[in-house]
Amino acid sequence: MLDIALLRRDPEIVRTSARRRGADPGFVDDILRLDAEYRRELAELERTKAEKNALSATIGRAADKAAAAAELRPQLDALAATIASLEEQARILAPDESESPLRALLEGSPNVLDASVPVGSDESANVVLRHWGEVRELGFPAQQHVDIGEKLGILDFERAAKLSGARFVVLRGMGAKLSRAVVSFFLDRAASHGYEEFVPPYLVLRETMRSTGHLSKFADAMFTDIDGDLLMIPTAEVPLTAMYRNELLDGASLPRKLTAHTPCFRKEAGAAGRDTRGLIRLHQFDKVELVWLTRPEDSFAALDTLTQHAASLLEELDIPHRVIALCAGDTGFNAAKTHDIEVWLPGAQTYREISSCSNCTDFQARRLNMRFRRDAKAKPEFVHTLNGSGLAVGRTLVAILENYQQADGSVVIPNALRPYLGGLERISP
RNA sequence: GGAGAGAUGGCAGAGCGGUUGAAUGCGGCGGUCUUGAAAACCGCUGAACCUUCGCGGGUUCCGUGGGUUCGAAUCCCACUCUCUCCUCCA
């Protein structure tokens, strides 16, 4: 949610950011007009209330309260009627009223981009920040992960389809164990970087989903439970970030680093026909998520650290990858700045996103009403929130299978994972 | 699912329908004392919003939403959540 104070103070910043995203900045003037109107109504309402409160107080102080009340009755009744109508008008305009157009505009407008975000309208304008690792020459025709996994008997898409339809997988045997090893490896590394581990609910209230900005009425990509009251999380970012909603945190506890391994559920409604084969785009996948809550002045440095925490997992797995700065048009609604990490897939002969790390600045925290106090006397301020995958588990399996495949169809286990698999060095047919 | 109890400030915990935004304690901040610290003592200490150049003024908030009243933390209704017991269950 945008800061109304920023819009009043410097609307041009917001307009410029919207233009960079390729959006029409007209909403800025709409907001300012509604805001001015609201404040006019509110001032009038409060003035009238103050008048009525003062009269009530005189009754409270009077010796004969009944007589005083009777005497003031006509004035009080008139004021009450005025207040009722002013209240109705103010409510329609109030920015904290969920139905109000002003609220809708504030919530429906994207975060202000950081100045460092590259110019551009789509992913072709994204900027590669750095490469890591050398793309291996396998010395034989590389297979794609689906073929590798099915031949090894560790990925079973047919039976998954029998159970649940398209976009599901059954991990079998070493596939299941490898997935579990990857999760443990990720969580252990997160712990060593100071992240606190959580197991949050996988079903959350609509209000929780809305508060993190994942439930805009334009993109309903969520699965609901049978009652429809609870939504299945599309990422652990939702419960982890919303956990401290409406709380006032101790400034000394910042930055806070949180992690969780959860399944993620997505309808992928907008991706019909894309990535229909394999583990790349499923309705259910596992992910280890990394979340930071920081002081405002620390969040951009934290984004670099967070990104490196995610990238270091691939370094330890010895999988070539690159880090990308998303351009303005490709940066998500909540984010002021986003880094993606893409792994090299020899079978697919392409780079594929495996992590997305974003600094949401105070945009998400404002809607969550998640604040901290710098010190005992300081006013509460909104924290900055960051989130990133560390990493997507399914896509990590893809990267392992394709990068560690051997000519005979076997797959070598990366050194970093062997301790989690009893020292196993290779998955063979 | 059944029965009962409860929800108040960062935490704990009072609160006859009328200066109660809220006693008290803890915590926090400042001060006195001390070589320094502790202890003791004194003072200060909720939030959002509107308004003002500023001082200040005002409105709202005691789980949520309604209602009664000139006036509600206090009375009424509904809902949510928490706790205890029973039931059920992994």
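In what follows, chains carry the letters A, B, and so on, assigned in the order in which the sequence lines appear, proteins first and then strands, with residues in each chain numbered from 1.
Rounded to the nearest Å, the gap between the P atom of B:U80 and that of B:C11 is 25 Å. Distance noted for atom P between B:G67 and B:C89: 45 Å (whole Å). Spacing of C1' atoms, B:U59 relative to B:G21, comes out at 13 Å, to the nearest Å. With P as the reference atom, B:G25 and B:U19 are 22 Å apart, rounded to whole Å. Rounded to whole Å, the C1' atom of B:G17 lies 12 Å from the corresponding atom of B:C70. B:C81 sits 10 Å from B:U64 when the C1' atoms are compared, rounded to a whole Å. B:U32 sits 22 Å from B:C26 when the C1' atoms are compared, rounded to a whole Å. Annotation: B:A12 and B:C16 have their C1' atoms spaced 24 Å apart (nearest Å).
Of the residues in residues 51-60 of chain A, those placing a heavy atom less than 4.0 Å from an atom of RNA chain B are A:K52, A:N53, A:S56, A:I59, A:G60, in numerical order.
Among the heavy atoms of the strands lying under 4.0 Å from A:R373 are primed sugar atoms or P, OP1, OP2 only; no base atom is included. As judged by a 4.0 angstrom heavy-atom cut-off over every strand, A:R8 is placed among residues touching the sugar-phosphate backbone only. A:R40 comes within 4.0 angstrom of no nucleic acid atom, judged by non-hydrogen atoms across all strands.
For the salt bridge (charged side-chain N to carboxylate O under 4.0 Å, His left out) test, residues two or more places apart in sequence or in another chain that qualify with A:D29 are A:R15. By the side chain to side chain contact (heavy atoms under 4.5 Å, CB included) test, A:Q144 pairs with A:D147, A:A348, A:E402, sequence neighbours left out. A:R352 is linked by a side chain to side chain donor-acceptor pair (under 3.5 Å) to A:D275, counting only residues two or more places apart in sequence or in another chain.
In secondary-structure terms, RNA chain B builds stems of at least 3 consecutive Watson-Crick or G-U pairs, each pair having both distances under 3.5 Å, at B:1-7 with B:80-86, B:10-12 with B:24-26, B:27-32 with B:40-45, B:46-51 with B:56-61, B:63-67 with B:75-79.
Between the side chains of A:T361 and A:N111, at least one donor N or O lies within less than 3.5 Å of an accepting N or O. Using modelled atom types and a 3.5 Å distance limit, the side chains of A:N369 and A:N246 yield a donor-acceptor pair.
Ring geometry for A:W292 versus A:Y195: interplanar angle over 60°, hence perpendicular rather than tilted (30 to 60°).
Between A:R374 and A:E297 there is a salt bridge, with a side-chain nitrogen of the basic residue lying less than 4.0 Å from a carboxylate oxygen of the acidic one. Under the 4.0 Å criterion applied to side-chain N and carboxylate O atoms, A:R189 and A:E316 are assigned as salt-bridge partners.
Residue whose closest nucleotide on RNA chain B sits further toward the 5' end, between A:A43 and A:L76: A:A43. A residue-by-residue look at A:P380 and A:A66 shows that A:A66 has its nearest nucleotide of RNA chain B further toward the 5' end.
Protein chain A contacts RNA chain B over a range whose 5' and 3' limits, counting nucleotides with an atom under 4.0 angstrom from a non-hydrogen atom, are B:G18 to B:G71.
Atoms CD and CG, on A:E158 and A:L163 in that order, are 12.0 Å from each other to the nearest 0.5 Å. Rounding to the nearest 0.5 angstrom, the gap separating the CE atom in A:M1 from the CD atom in A:E107 is 6.0 Å.
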Yes or no on salt bridge (charged side-chain N to carboxylate O under 4.0 Å, His left out) for A:R40 and A:E37, after CA distance, side-chain angles and deciding distance? CA-CA 5 Å; A:R40 239 187 345 264; A:E37 194 181 340; 5.2 Å; no
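Taking the six-membered ring for Trp and the full ring otherwise, A:Y202 and A:F265 have centroids separated by 6.0 Å or more.
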